[in-house]
2 protein chains.
Amino acid sequence: MVARLLIVEDDPALAELLVWHFEAEGYAVTQTSDGEEALLLAAEEAPDAVILDWMIENVPGIEVCRRLRRAPETANVPIIMLTARGEEEDRIRGLETGADDYVTKPFSPRELIARLAAILRRTRPALAGKTLRIEDLELDPVAHRVRRAGQEIPLGPTEFRLLQHFLERPGRVLSRGQLVTGVWGHDSDIEERTVDVQIKRLRAALNITGGKDLIRTVRSAGYSLG
Amino acid sequence: MVARLLIVEDDPALAELLVWHFEAEGYAVTQTSDGEEALLLAAEEAPDAVILDWMIENVPGIEVCRRLRRAPETANVPIIMLTARGEEEDRIRGLETGADDYVTKPFSPRELIARLAAILRRTRPALAGKTLRIEDLELDPVAHRVRRAGQEIPLGPTEFRLLQHFLERPGRVLSRGQLVTGVWGHDSDIEERTVDVQIKRLRAALNITGGKDLIRTVRSAGYSLG
DNA sequence: AACGATTGTCACAGAACTGTCATGCAACCG
DNA sequence: CGGTTGCATGACAGTTCTGTGACAATCGTT
């Protein structure tokens with residue numbers, strides 16, 4: 001699941017710079033320089049966040065912000081406003097109009113990215129990079145949910161911990177001993193063969209949708225995911 | 001509904017200024033100049049937000065931020081960091097450590113207030129009197145009413161607080177311990193099993209209309225809404 | 001003080017989960 | 001190819017965890 005971003009920026013050079021940076025961060029970016037078009041795009045595409053310059057064509061940024069907040073389908077989208085004007089009154093007005101953050105030019109793209117990430121952590125925890133993925137499998141540690149190809153997969157507590165352990169170490173072969181200490185705990189007196197059984201159960205659960213086996217058995221060494 | 005604020009600020013003059021301004025805005029303010037004490041206060045009082053100076057006694061602000069994020073009791077509290085250092089690297093580091101905003105001195109108190117309000121709009125919509133919704137369920141924090149599919153549902157005080165707590169954290173799995181501190185208060189000596197019983201009562205109340213169960217049990221972890 | 005509503009705790013039943021074992025198959029080795 | 005080692009699987013009994021009804025204590029009102 002990729003976060004979609006709408007950038008509303010008038011200045012071609014800055015727009016290009018922003019698009020480049022955010023795409024490099026893995027965002028799916030749409031860009032426009034026009035306020036009216038921004039409203040249409042926001043309603044159609046339902047982006048996960050909007051970067052909005054104060055000075056743009058047709059409609060002032062603050063008015064776009066206000067209208068986004070008023071329309072039910074966009075009322076909750078996070079908005080970061082950009083401006084060349086450093087006036088305190090403007091910043092406060094922007095924030096009070098419903099912007100989530102207000103960044104003054106010149107700014108560092110990395111800081112803007114960090115600020116967006118901070119906001120997405122709140123509004124879309126699943127998009128903030130906490131979700132663990134491999135191929136069509138995703139695990140959300142906050143919601144305690146696992147999906148394969150979009151379909152929810154119910155897992156028991158041990159299966160869940162085991163899968164999370166693997167997803168945090170993708171591609172790496174883990175011995176049964178490592179898995180016992182990592183998943184069951186240092187002080188557990190579990191038979192190493194028990195790992196086999198949990199692996200089997202996890203495999204069965206992950207394959208109810210019919211996909212290929214994601215867990216690789218490495219003979220006389222252990223198991224790995226992917 | 002009054003928002004509680006923890007201000008962690010070393011400089012007496014600035015601390016006094018901030019306390020004055022935020023109390024004038026209607027916040028219930030606690031203030032300390034010490035990092036260790038800040039962590040204790042945050043755990044005990046469960047404030048709705050923390051204003052955290054980078055340079056404070058005993059523990060650097062960034063370390064306080066990190067520890068707040070790590071402890072389950074305070075992992076979710078919004079944090080605004082303050083600093084005299086305008087370095088881009090610091091700002092990015094602060095935001096990536098888990099701060100929600102990062103304000104450089106000198107700043108205007110009004111802007112800080114506006115930034116805090118912007119964050120609280122996201123994290124505690126109920127404080128602003130905004131109706132909380134999920135699917136066909138809505139909770140009006142002002143009128144203290146809950147409806148499901150338009151029909152009013154009578155709830156006891158504890159059930160109401162529990163539901164509001166869930167609605168402010170949709171989808172998130174909350175452990176019984178987190179629920180006890182969040183709903184009953186840090187100083188309550190409630191059995192964790194009691195949570196089960198209130199969950200059952202809340203479920204029964206929400207399902208009188210016959211809809212599906214909105215509360216999900218996550219075995220060995222806790223409960224979540226949606 | 002009396003009353004009903006609300007709440008915390010407990011005991012118990014049922015459900016879900018887990019570790020272990022026996023067995024059979026597959027991979028490896030000379 | 002026969003022997004050996006390692007892994008997968010199904011069964012199962014024990015354990016852990018959750019849902020529920022009952023009940024007494026507490027709270028808030030009248």
Side-chain angles (χ1 to χ4, degrees), chain A residues 139 144-146 152-166 173-208 211-225, chain B residues 139 144-146 152-166 173-208 211-225:
Chain A
L139 181 149
H144 251 261
R145 281 180 191 279
V146 174
E152 175 141 13
I153 293 178
L155 291 182
T158 307
E159 288 154 27
F160 187 87
R161 289 199 312 275
L162 183 58
L163 178 59
Q164 182 166 354
H165 196 83
F166 273 121
V173 177
L174 300 167
S175 72
R176 292 177 177 74
Q178 289 174 312
L179 288 169
V180 167
T181 52
V183 176
W184 278 263
H186 301 279
D187 48 355
S188 72
D189 53 349
I190 296 298
E191 290 289 324
E192 289 203 347
R193 287 272 140 247
T194 300
V195 175
D196 297 27
V197 180
Q198 284 297 340
I199 289 281
K200 172 207 153 219
R201 289 170 179 155
L202 179 55
R203 273 177 166 150
L206 296 182
N207 293 343
I208 53 170
K212 70 169 185 181
D213 189 3
L214 292 174
I215 299 176
R216 184 169 52 108
T217 303
V218 182
R219 194 180 166 86
S220 79
Y223 299 92
S224 86
L225 182 68
Chain B
L139 180 148
H144 235 257
R145 279 175 196 283
V146 174
E152 174 145 10
I153 293 179
L155 291 182
T158 307
E159 287 155 28
F160 186 87
R161 289 200 312 277
L162 182 59
L163 179 59
Q164 178 169 330
H165 197 82
F166 273 122
V173 173
L174 301 168
S175 71
R176 292 178 177 76
Q178 288 175 312
L179 289 169
V180 167
T181 51
V183 176
W184 279 263
H186 61 89
D187 50 353
S188 71
D189 52 350
I190 296 299
E191 289 290 323
E192 290 202 347
R193 293 267 131 255
T194 301
V195 175
D196 296 27
V197 181
Q198 284 298 340
I199 288 280
K200 172 204 154 217
R201 288 169 179 156
L202 179 55
R203 272 178 167 149
L206 296 182
N207 293 343
I208 53 171
K212 70 169 185 181
D213 190 3
L214 292 174
I215 298 176
R216 179 172 56 113
T217 303
V218 181
R219 186 169 232 263
S220 82
Y223 298 92
S224 85
L225 182 68

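In what follows, chains carry the letters A, B, and so on, assigned in the order in which the sequence lines appear, proteins first and then strands, with residues in each chain numbered from 1.
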Spacing of [X] atom [atom1] and [Y] atom [atom2] [to the nearest 0.5 Å]:
| X | Y | atom1 | atom2 | value |
| --- | --- | --- | --- | --- |
| Leu225(B) | Leu174(B) | CG | CG | 9.5 Å |
| Asn207(B) | Leu202(B) | CG | CG | 9.0 Å |
| Leu163(B) | Ile215(B) | CG | CD1 | 7.0 Å |
| Asp213(B) | Arg203(B) | CG | CZ | 4.5 Å |

Subject >> Contacts of type salt bridge (Lys or Arg N to Asp or Glu O under 4.0 Å), residue Arg145(A), not counting sequence neighbours >> reply: Glu152(A)
Subject >> Length of the line joining Leu162(A):CG and dG19(C):P, which is rounded to integer Å >> reply: 11 Å
Original post:
Rounded to the Å, how far apart are Leu202(B) CG and dG8(C) C1'?
Top reply: 16 Å
Subject >> Rounded to 10 degrees, the angle between the two terminal axes of the helix from dA1(C)-dT30(D) to dG30(C)-dC1(D), each from five pairs >> reply: 40°
**OP:** For DNA chain C, determine which residues of residues 187-200 of chain A have any heavy atom closer than 4.0 angstrom to one of its atoms, and list them numerically.
**Re:** Asp189(A), Ile190(A), Glu191(A), Thr194(A), Val197(A), Gln198(A)
Original post:
NA contact type, Tyr223(A), heavy-atom cut-off 4.0 Å: base, sugar-phosphate, or nothing?
Top reply: sugar-phosphate
**OP:** Could you tell me whether Arg201(A) contacts a base, only the sugar-phosphate backbone, or nothing, with contacts defined as non-hydrogen atoms closer than 4.0 Å?
**Re:** base
Subject >> Nearest atoms (heavy-atom pairs only) where Arg161(A) meets Val183(A) >> reply: NE-O, 3.1 Å
Subject >> Over all atoms of both residues, closest heavy-atom pair of Ala205(A) and Ile153(A) >> reply: O-CG2, 3.6 Å
**OP:** Write out all pairs satisfying side-chain hydrogen bond (donor to acceptor under 3.5 Å, both in side chains) with one or both partners inside residues 180-191 of chain B, taking only residues at least two apart or from two chains.
**Re:** Glu73(B)-Thr181(B)
Name all residues meeting the side chain to side chain contact (heavy atoms under 4.5 Å, CB included) criterion together with [X]; count only those two or more places apart in sequence or in a different chain, and write none if there are none.
| X | value |
| --- | --- |
| Gln164(A) | Leu132(A), Leu139(A), Pro141(A), Phe160(A), Glu168(A) |
| Val173(A) | Arg216(A), Val218(A), Ala221(A), Ser224(A) |
| Arg176(A) | Glu192(A), Arg193(A), Val195(A), Asp196(A), Tyr223(A) |

Between protein and nucleic acid, restricted to nucleotides 26-28 of chain C and to nitrogen or oxygen atoms under 3.5 Å apart, what atom pairs and distances do you find?
from	atom 1	to	atom 2	distance (Å)
dA27(C)	O4'	Arg219(A)	NH1	3.4
dA27(C)	N3	Arg219(A)	NH2	3.3

Original post:
Relative to the 5' end of DNA chain D, which residue comes earlier, Ala221(A) or Thr217(B), by the nucleotide with the nearest heavy atom?
Top reply: Ala221(A)
Original post:
Got a sec, which residues hit side chain to side chain donor-acceptor pair (under 3.5 Å) with Thr158(A), two or more places apart in sequence or on another chain?
Top reply: none
Original post:
What residues form a side chain to side chain donor-acceptor pair (under 3.5 Å) with Ser220(B), not counting sequence neighbours?
Top reply: none
Original post:
If you walk 5' to 3' along DNA chain D, what is the first nucleotide with an atom under 4.0 Å of a heavy atom in chain B, and what is the last?
Top reply: dT16(D) to dA22(D)
**OP:** Taking only the side-chain nitrogens and oxygens of Trp184(B), find out if one of them lies under 4.0 Å from OP1 or OP2 of dT7(C).
**Re:** no
